[in-house]
Protein chains: 2
Amino acid sequence: MSQQTEQAYLASYNIKDYDTCLTTVDSVLFTVLNGELYTLLVRRANHPYLAYWGLPGGFIDVQRDVDLTACANRHLAEKTGIIPPYLEQVCSTGSKTRDPRGWSTTVTYYALMAHIQCTTDIDSVDDVQWLPATQALQMELAFDHKQMIEQALERLKQKALYSLVPVYALPETFTLSELQQLHEVILGKSIQSKSFRRRIELANVLEETGELSTQKGKGKRPALYRVKTGAADYRFMRNLEH
Amino acid sequence: MSQQTEQAYLASYNIKDYDTCLTTVDSVLFTVLNGELYTLLVRRANHPYLAYWGLPGGFIDVQRDVDLTACANRHLAEKTGIIPPYLEQVCSTGSKTRDPRGWSTTVTYYALMAHIQCTTDIDSVDDVQWLPATQALQMELAFDHKQMIEQALERLKQKALYSLVPVYALPETFTLSELQQLHEVILGKSIQSKSFRRRIELANVLEETGELSTQKGKGKRPALYRVKTGAADYRFMRNLEH
DNA sequence: CAAGTTAAGAGTCTTAGGGACACTTAAAGT
DNA sequence: ACTTTAAGTGTCCCTAAGACTCTTAACTTG
């Protein structure tokens, strides 16, 4: 076999001569709504796990997807109308038994977007829904999607401890209190607002828009911020307490 | 199709009716030797990239491998004779173009082991070699294995900043200076020995064997340590400076 | 309109732990 | 015995997080 030239080898190569395995890309899409963390679930229209709720995602389209990220974004855009502003790979899970059809590997991503960035009307279709993450974790989901949500949530928690990545679950402009509340929801723990604001000043990856929030509420009107480019990569030297 | 029962669907399911893609598992195996970080490379015996050096790894064996970790360990044990004491998934890379045979995904792991734990005689075979990581990165390797080594190294650097994971590249017993030197090599930066020792005491994941090193050298004879179980999971709250 | 209430945001003290560097200790070499 | 070298300790400084208080600017209510 290794006597062949590479050209001849490739010309005669046919993937169907080999035992291949299934490869899928699934994403855990988070957003924040009313101070709660939500996750997007999709009702399966096919076997296996027909009619079960599961993660948005699916097989790689060897024609259309140029790489794994593109595949994740394609499936997410199909459901939400947009490519989410933050996408990060969590891990891959593969085993002989996780899919009844055979050896199957899935690459899990998690994504963040603002609820209002969703351009499709999710309430009007019955096979896609936003569900509080805690609630999703109590359902019986397709495949091992529950563990995948747990892993994504764990990663997001770590990120909340040493970065400002969660900001991508907020709209274009937001207040520091909104961001702090989001971190608190993710971590399941309250944060000293002074510490939080000091960290934001230190990180220098957010900027004031100059406007104040127009939302009328009781106290002082909070300043609005937006993210600078590169905010996703900032890492604090010290973690918040956990 | 969704009218079918699940049983009927699975009975008639044949993976070869679909456009599948290639799935491989590759590992970057690091060890330390003479104060330098080494990586295990394997010379390819098959097309494509015949005779190029690349990472140990390969296709999933749908019969023998129960999951991705087992697949990584199997390929590593074939070359080194042992399952490495530390194995961690780095990321997955997949695209239409990374393999000339078609759409291909690879799950990259990195592993750590002591050089002396290697039970095969690597010097006596000519298709496997330990190479300093810096040197490996200057070679033209198979596929995108160079980027994979870079990603693994980057992950290992992060781990060296906030954990004691690199300890798994040392033998069963080791001195704190050896561990510190290893961290310094990985980070490319010297560390204050006082800080390093304080962190080790704080972490409480190493224990003294009670013995002193028998290696005869000039100065005071250093104490020997071993890792406690669970050392891999310890995370410091503060990073070392980078 | 003045007083009260609420949330945003600043001031300041404490505290944990890393950086820097001098010092001590125990081995080998001369 | 004296020097050299590496292991290991003592101690001061400094950064940044935690805790708590105080101020500011909006609203609500009598």
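Below, chains carry the letters A, B, ... as their sequence lines are ordered, and counting in each starts from 1. Computed from a predicted structure; not experimentally measured.
A 4.5 Å side-chain heavy-atom check between A:P84 and A:N73 finds at least one atom pair inside the cut-off. Considering only heavy atoms from C-beta on, B:F174 stays 4.5 Å or farther from B:V32 through its side chain. With contacts defined as side-chain heavy-atom distances shorter than 4.5 Å, the pair B:S92/A:S92 qualifies. In this structure, the side chains of A:L29 and A:K79 stay at 4.5 Å or more apart for every pair of heavy atoms. Using a 4.5 Å cut-off on side-chain heavy atoms (C-beta onward), B:S193 and B:Q180 make contact. For the pair B:I60/B:L68, a side-chain contact is recorded, criterion being any heavy-atom separation below 4.5 Å from C-beta on.
Listed by first and then second residue, the ring pair (Phe, Tyr, Trp, His ring centres under 6.0 Å) pairs involving residues 186-216 of chain A are A:H183-A:F196 (not counting sequence neighbours). Contacts classified as ring pair (Phe, Tyr, Trp, His ring centres under 6.0 Å) and involving residues 210-230 of chain A (residues at least two apart or in different chains) are not found. Residue pairs satisfying the side-chain hydrogen bond (donor to acceptor under 3.5 Å, both in side chains) criterion with at least one member in residues 123-152 of chain B, sequence neighbours excluded, are listed as follows: B:R98-B:D144.
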Expected list for residues 229-242 of chain B: side-chain donor-acceptor pairs under 3.5 angstrom, two or more places apart:
from	atom 1	to	atom 2	distance (Å)
B:R235	NH2	A:Q158	OE1	3.4

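With DNA chain C read from its 5' end, the first of the two nearest nucleotides for B:S193 and A:K194 is the one closest to A:K194. The nearest heavy atom of DNA chain D to B:G219 and to A:K218 marks one nucleotide each, and the one closer to the 5' end goes with B:G219.
B:R74 meets the salt bridge (charged side-chain N to carboxylate O under 4.0 Å, His left out) test with B:D65, B:E78; sequence neighbours excluded.
With rounding to the nearest 0.5 angstrom, the CZ atom of B:F30 is 7.0 Å from the CD1 atom of B:I149. Here the CD atom belonging to B:Q192 is positioned 13.0 Å from the CZ atom belonging to B:R199, to the nearest 0.5 angstrom. Distance check, rounded to the nearest 0.5 Å: OG1 of B:T173 to CG of B:L206 gives 12.0 Å. With rounding to the nearest 0.5 Å, the separation of CE in A:M148 from CG in A:L141 is 10.5 Å.
Using a 4.0 Å cut-off on heavy atoms, the residues of residues 196-206 of chain A that approach DNA chain C are A:R197, A:R198, listed by number. Residues of residues 154-181 of chain B having a heavy atom closer than 4.0 Å to DNA chain C: none are found. Residues of residues 234-242 of chain B having a heavy atom closer than 4.0 Å to DNA chain C, listed by number: B:R238, B:L240, B:E241. Remark: B:Q192 in residues 185-192 of chain B come within less than 4.0 Å of DNA chain C through at least one heavy atom.
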Study note, to complete from the structure: Encoded 5' to 3' (Watson-Crick or G-U under 3.5 Å; [ ] crossing; | other strand), DNA chain C becomes ||||||||||||||||||||||||||||||
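Minimum interatomic distance between A:K228 and A:Y168 (heavy atoms only, all atoms of both residues): O-OH, 4.5 Å. For the residue pair B:V185 and B:G35, the shortest heavy atom distance occurs at CG2-O, 3.1 Å. The minimum heavy-atom distance linking B:P166 with B:L112 is given by the pair CA-CD1, 4.0 Å.
Side-chain N or O atoms of A:T93 include none that pairs as donor or acceptor with a backbone N or O of A:T106 at under 3.5 Å. Under a 3.5 Å cut-off, the side chain of A:T120 and the backbone N or O of A:I122 do not form any donor-acceptor pair.
In summary, contact between chain A and DNA chain C, defined as any nucleotide atom under 4.0 Å from a heavy atom of the protein, begins and ends at C:dT6 to C:dT12 in the 5' to 3' direction. Counting 5' to 3', DNA chain D first comes under 4.0 angstrom of a heavy atom of chain A and last does so at the ends given by D:dT15 to D:dC27.
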